[in-house]
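Structure record follows, encoded as structure tokens.
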Amino acid sequence: MRLLLFFVALGLVGYFVFTASDRLVNADRLETLVAASHDQVAELEWQADQLSALVAYLDSDEYIERTAREELGMVRPGEEAFAVRVPLRPGLRILHSPWWTNLLPAAREPIE
């Protein structure tokens with residue numbers, strides 16, 4: 001009878017030890033997942049801030065004016081617009097930026 005009681009007690013102790021160790025392993029895994037989630041949330045918040053700043057810039061008068069001038073060729077009243085027409089030379093390598101510096105005799109070294 002004592003032997004049976006000993007094995008039952010040993011089984012109960014083993015069960016509780018196994019359950020406690022399993023909970024510790026799961027708790028550690030959950031802590032790792034929580035830390036990774038916090039990192040991911042911080043990264044997403046940073047991206048959201050960057051996108052908000054971009055949207056604010058795209059809505060700004062500065063961006064609208066720059067786009068109108070550079071891409072659409074618009075000018076303010078009283079200003080004159082002009083275009084530079086440059087004949088392309090065959091074999092001209094684009095070595096520097098802006099493009100017109102490539103037409104100068106000193107433009108011999110590529111940009112690094």
Side-chain angles (χ1 to χ4, degrees):
M1 183 67 152
R2 287 184 178 206
L3 191 58
L4 179 63
L5 190 59
F6 173 75
F7 284 116
V8 169
L10 186 63
L12 285 174
V13 168
Y15 171 75
F16 288 126
V17 167
F18 174 76
T19 303
S21 65
D22 187 48
R23 286 187 182 185
L24 288 174
V25 168
N26 283 336
D28 186 46
R29 184 178 56 84
L30 289 175
E31 286 178 16
T32 303
L33 288 174
V34 167
S37 296
H38 285 299
D39 292 343
Q40 190 175 18
V41 166
E43 175 68 22
L44 291 173
E45 286 175 346
W46 181 82
Q47 288 178 4
D49 291 342
Q50 296 297 312
L51 290 173
S52 295
L54 178 62
V55 167
Y57 175 66
L58 293 176
D59 284 339
S60 71
D61 291 338
E62 176 188 353
Y63 173 76
I64 293 169
E65 182 175 351
R66 193 184 101 216
T67 301
R69 287 178 176 272
E70 292 178 3
E71 294 181 18
L72 302 176
M74 299 179 88
V75 294
R76 289 185 173 198
E79 293 180 343
E80 291 184 30
F82 64 93
V84 178
R85 300 187 85 177
V86 178
L88 293 177
R89 293 186 294 186
L92 177 67
R93 290 182 50 210
I94 304 299
L95 303 174
H96 296 281
S97 181
W99 63 269
W100 50 266
T101 59
N102 293 292
L103 302 173
L104 302 175
R108 304 270 189 251
E109 301 164 11
I111 297 176
E112 295 181 3

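Here the structure is a predicted model, which is why all the values come from computation and not from measurement. Any value given below was found using the heavy atoms of this structure, including those in side chains, with hydrogens, waters and symmetry copies removed.
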Exercise for the section: Give me the other members of the hydrophobic cluster that Val17 sits in, counting Ile, Leu, Val, Met, Phe, Trp and Tyr linked by side-chain heavy atoms under 4.5 Å, directly or via other members. Expected result: Val13
Handout entry: Results of side-chain hydrogen bond (donor to acceptor under 3.5 Å, both in side chains) for Glu80 - residues two or more places apart only
Key = none
Exercise for the section: Nearest 0.5 Å please: distance from the CZ atom of Phe7 over to the CG atom of Leu12. Expected result: 13.5 Å
Handout entry: Pair listing, side chain to side chain donor-acceptor pair (under 3.5 Å) test, anchored in residues 22-43, at least two apart
Key = Glu43-Gln47
Problem - Least distance between heavy atoms, Asp59 atom then Ile64 atom - result: O-CD1, 4.1 Å
Exercise for the section: Determine, using the 4.5 Å side-chain heavy-atom cutoff (strictly less than), whether Leu3 and Leu10 are members of one ILVMFWY cluster. Expected result: yes
Completion exercise
Shortest non-hydrogen pair, Tyr57 vs Tyr63, comes out as O-CB, 3.2 Å
Handout entry: Name of the residue among Glu70, Arg69, Met74 meeting side-chain contact (heavy atoms from CB on, under 4.5 Å) with Leu72
Key = Met74
Practice task
Could you tell me whether Glu79 atom CD has more than 12 heavy atoms of other residues or ligands within 6.0 Å of it?
Solution key: yes
